[in-house]
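Quick note on labels: first sequence line is chain A, next is B, and so on, each numbered from 1.
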Amino acid sequence: MNRAYDHRAIESKAREKWEYLNLSVTDLSDKTKDPYYLLVEFPYPSGDMHIGHWYAFAVTDIYARMLRARGKNVLFPIGFDAFGLPAENAAIKHGVDPKDWTYKNIERMRTQLKSMGASFDWSKEVIACDPSYYKWTQWLFTKLFEQGLAEHKEASVKWCPKDQTVLANEQVMDGCCERCGTEVEEKTLTQWFLKITQYAERLLTGLNTLPWREDIKEAQRAWIGKSDGATLTFMIGDLSVDVFTTRPDTVFGVTYLVLAPEHSALENLPIENKAEVDAYIAKTKTKTERERSENKEKTGTQLSGVMAINPATKEEIPVYIADYVIGSYGTGAIMAVPAHDDRDLQFALKFNLPICPVIARAELGKEIEDNPRLAESLRESCIQSGVAIVGDGILFNSGEHSGRSNKVAMWDIVDAVGGKRTTSYRLRDWLVSRQRYWGCPIPIVYDPKGEPHTIPPEHLPWKLPTDVDFTPTGESPLASSVELRERVTRIFGDGWTPEYDTLDTFVDSSWYFNRYLSTDNEHSFSDDALMKKWLPVNRYSGGSEHTNMHLLYARFFTMALYDIALSPVEEPFIERFNRGLIMGPDGHKMSKSKGNVLNPDEFVEKYGADAVRVYLAFIGPYNEPGNYPWNLDGVAGMRKFLERIVSVIERKEDVEVSEDLMRKLARASTRISSDGDRFKFNTAVSALMILLNEFESAPKIPILAVRDFVCMLAPFAPHLAEALWETLGQEGSVHVAEWPVYDPDLLQSAVSVVAVQVNGKRRGVIELPKDSSEDDAILEAKKISAIENALNEQVLERVIYVPERILNFVTRP
RNA sequence: GCCGGGAUGGCGGAAUCGGUAGACGCAAUGGAUUCAAAACCCAUCGCCGCAAGGCAUGAGAGUUCGAGUCUCUCUCCCGGCACCA
């Protein structure tokens, strides 16, 4: 390695200089420049930075630096999402205080983040577990409570037996805990929920206004899961049971009713039916096991003697309970149409229930009128194939609606049976209470009657007690705190009790980007005027794993705050970029068990932070969430690139910049800017490399040209660029120098290179003065023998000439 | 199963509007240098072919003077949802 490039000395010196010049502190009130809020997801302080952290922060930093050079007032803040399970687990395992563990890690991560040369504004640092921050998490929770958006209710919830806490729906992946991978259990518990479902429609329509990648928007749409349909009422004696259906047009084909085993109507049934329900529940395995089982064989039990009336046909139909009906979706009950729904058909075949088709394909024409035979043949085909008849057609066996298109008749049928239009969402309310210690205490106390009350603002922050036994028991650790109980009695009186659960850490991170604007504010969670100026966030860079968690929660929070005039915007983030994943050298995801985990520190030590930054920028497009294998030789290659730059700069001479070189600089400058705007740092680096190749082959290297080159290099390799800036005898820091811009005319080249084709196949290339006519081009092209020969043999039919691009001779033999 | 995104050399990738496919880098090969090696430097580097030339962007068709790019059919890979009525 080139000893002239001592990256250790260069990097520490540059960092000292930036610190001294106070370069990355943003004046939020500055009126002279355009504000640009560049946000990157704040990290959990796990203690060791891996390559993923580098990829997240170092590459986003390139853009922050580039925008500053281009004259923007860039807010590029950092903080720590510092509540969470690892701290508590460390406490249980090693007996350390979770707070000490967390703050020690934060200290370490600060050093590491600085070692990347990341230009974060540390003066605006936010730490989620600090009382000065969680005071406002609590205050916002009380605001949501006042709006009726926070609710203490009993519900069937997911429980992680390993972490000994409940989880939000979003935190269950394939039936397992998102954190630890343990299979989750289902429990009925009274928990705190934030009513995100009230915002389902707005979360959905809001997506249409956002310029996000389609895959991110689609994932959120699927998670919200909107279905338009109708609620129809079925009578069971005097008892009415509502069902939700997207196919009310098939109601004449309903042959039985199914309720979820936990359906509330079951409580009003005779004792012998309740026994049937209990027996069924006991027989079936726990719900999660059922959900995960490969074998999706349907189970169910008929409620003996219980009959419902089909509101369309007025016929009696049997009533079943079955767990293929989900209690928490729709109304928890369905009307079963085995002829037109695969799941109902499976169930009907198993329990030998009638199958009654009511829609036939329109092509069948007159045959549809002959319905006894048609019904029989369609029923037969369902039984044979096990596949229901889906899709649209003509109704039959549907009373006065027979003969009509099912789509057209659908809402008339709803009216006829006294139903109403309904929309259902797959999204469930966000379960935010956790039976864990290291989280934000829920700012709630219960009066002697057990009614919840918010803790008044003068008692916020509602401090996390320290006299707590962390050992997980399934009970909230805060329940062991004497201090907390005494505090509640002291402030609220005898018989009042604390809430012992803490908040999901996703609540902490749902609003942190507001806090960066006013970190020291003791009177407000943010600052009105600055929020108006800086929000929404211009660009948010993060990981795709947060698409249906953090990104959804933060949108919900912002909308809820907007509705009570606490946020000036409804959508928090304009642009969103999900970065890709850095894989191990073997192309697999890095994991300790595979032994393919790379420690970035080794590479930084050996090749320097700049080489690692440039490598990560160059590895692939940052705007596409692909998987990029870490190439061990790749970093060395980038080191070589930087060394070549050092050598070239040594050759600088005080000569004039030729027009040709000026054009090349101009082209590189526009290219790098526009690639940066699209987060395509790979091609931006390539533009720098092309420029370097140009310098290397030039007989003389003008000092002004390399000066501009160093400016363009600065966002990518900030430390080296700073050192070279000094070598060039420039004043101040390269990072306050303006981005080089050139006369736009330079982007037009004087000569154009035109490809010559015969029938679309390339036969040669000609160089023409710019603005040459078609005749000039043809004349020039005919000098190429291959063209001449081809044209002599064939009849010229037409000529296509696209100036500066292509000249195509179209011939006929 | 449904929805979304993809597929380009040995590898990562480039081609911004339908106009010279393979930029830039890695790896590889040959040379130069060296006592020797590493590093550095020069050259080659999609496939077939001595060459002329032909064939090439997952497969097949289509539109077009011209298709990696547009349309249709299919295959495979990645991601999301999944007993959501």
Applying side-chain hydrogen bond (donor to acceptor under 3.5 Å, both in side chains), can you list everything that pairs with Thr422(A), at least two apart in sequence or on another chain? Thr231(A)
Whether Arg671(A) contacts A15(B) is assessed here as follows: a side-chain N or O lying under 4.0 Å from the phosphate OP1 or OP2. Is that the case? yes
If you restrict it to nitrogen or oxygen atoms, what contacts under 3.5 Å exist between nucleotides 54-57 of chain B and the protein, and what is each distance?
unit_1	atom_1	unit_2	atom_2	d
G54(B)	OP1	Arg763(A)	NH2	3.4

How far, in whole Å, is G31(B) from G18(B) if one measures between their P atoms? 47 Å
Taking only N and O in the side chain of Tyr329(A), is any of them less than 4.0 Å away from OP1 or OP2 of A85(B)? yes
Once you apply a heavy-atom cut-off of 4.0 Å, does Asp342(A) come out as touching a base, just sugar-phosphate, or nothing? nothing
Name all residues meeting the salt bridge (charged side-chain N to carboxylate O under 4.0 Å, His left out) criterion together with Lys783(A); count only those two or more places apart in sequence or in a different chain, and write none if there are none. Glu780(A)
Compute the centroid of each ring, for Phe577(A) and then for Tyr622(A), and state whether the two points are separated by less than 6.0 Å. no
Between Phe695(A) and Val648(A), what is the shortest heavy-atom contact and its length? CB-CG1, 3.9 Å
With sugar-phosphate meaning primed atoms plus P, OP1 and OP2, does Pro621(A) contact a base, only sugar-phosphate, or nothing at under 4.0 Å between heavy atoms? sugar-phosphate
Angle class for the Phe603(A)/Tyr607(A) ring planes (parallel below 30°, perpendicular above 60°, tilted otherwise)? parallel
Show each protein N/O and nucleotides 1-5 of chain B N/O combination with a separation under 3.5 Å, one pair to a line.
unit_1	atom_1	unit_2	atom_2	d
C3(B)	O2'	Glu218(A)	OE1	3.1

Please list all pairs meeting salt bridge (charged side-chain N to carboxylate O under 4.0 Å, His left out) that have one or both residues in residues 672-689 of chain A, counting only residues at least two apart or in different chains. Arg70(A)-Asp677(A), Arg671(A)-Asp675(A), Asp675(A)-Arg678(A)
Starting at the 5' end of RNA chain B, which residue's closest nucleotide do you reach first, Met689(A) or Gly620(A)? Gly620(A)
What residues form a salt bridge (charged side-chain N to carboxylate O under 4.0 Å, His left out) with Glu624(A), not counting sequence neighbours? none
Would you list the pairs meeting ring-ring contact (aromatic ring centres under 6.0 Å, His included) in which at least one residue belongs to residues 326-346 of chain A, sequence neighbours left out? none
I'd like the P distance from C45(B) over to G79(B), given in whole Å. 38 Å
How are the rings of Tyr320(A) and Tyr256(A) set to each other: parallel, tilted or perpendicular (split at 30° and 60°)? perpendicular
With heavy-atom distances below 4.5 Å as the criterion, would you say the side chains of Ile359(A) and Lys407(A) are in contact? no
Any chance you could list the contact pattern along nucleotides 17-23 of chain B? Use B for base contacts, S for sugar-phosphate-only contacts and - for none, protein heavy atoms under 4.0 Å, 5' to 3'. B-BB--B
Can you list the residues that meet the salt bridge (charged side-chain N to carboxylate O under 4.0 Å, His left out) rule with Lys664(A), with sequence neighbours excluded? Asp660(A), Glu694(A)
With sequence neighbours excluded, residues passing side-chain hydrogen bond (donor to acceptor under 3.5 Å, both in side chains) with Ser541(A): Thr60(A)
Pairing stems for RNA chain B [at least three consecutive pairs; Watson-Crick or G-U; under 3.5 angstrom]: B:1-7 with B:75-81, B:10-12 with B:24-26, B:28-31 with B:41-44, B:46-48 with B:53-55, B:58-62 with B:70-74
Does Asn627(A) make a side-chain N or O approach to OP1 or OP2 of C77(B) shorter than 4.0 Å? no
Integer angstrom distance from the C1' of A15(B) to that of U20(B): 11 Å
Can the positive tip of Arg613(A) be found less than 6.0 Å from the middle of the six-membered ring of Trp54(A), inside 45° of the ring normal? no
Rounded to whole angstrom units, what separation is found between the CG atom of Leu581(A) and the P atom of G6(B)? 19 Å
At under 4.0 Å between heavy atoms, which parts of nucleotides 40-45 of chain B does protein reach? Answer with one letter per nucleotide, 5' to 3': B base, S sugar-phosphate only, - none. S-----
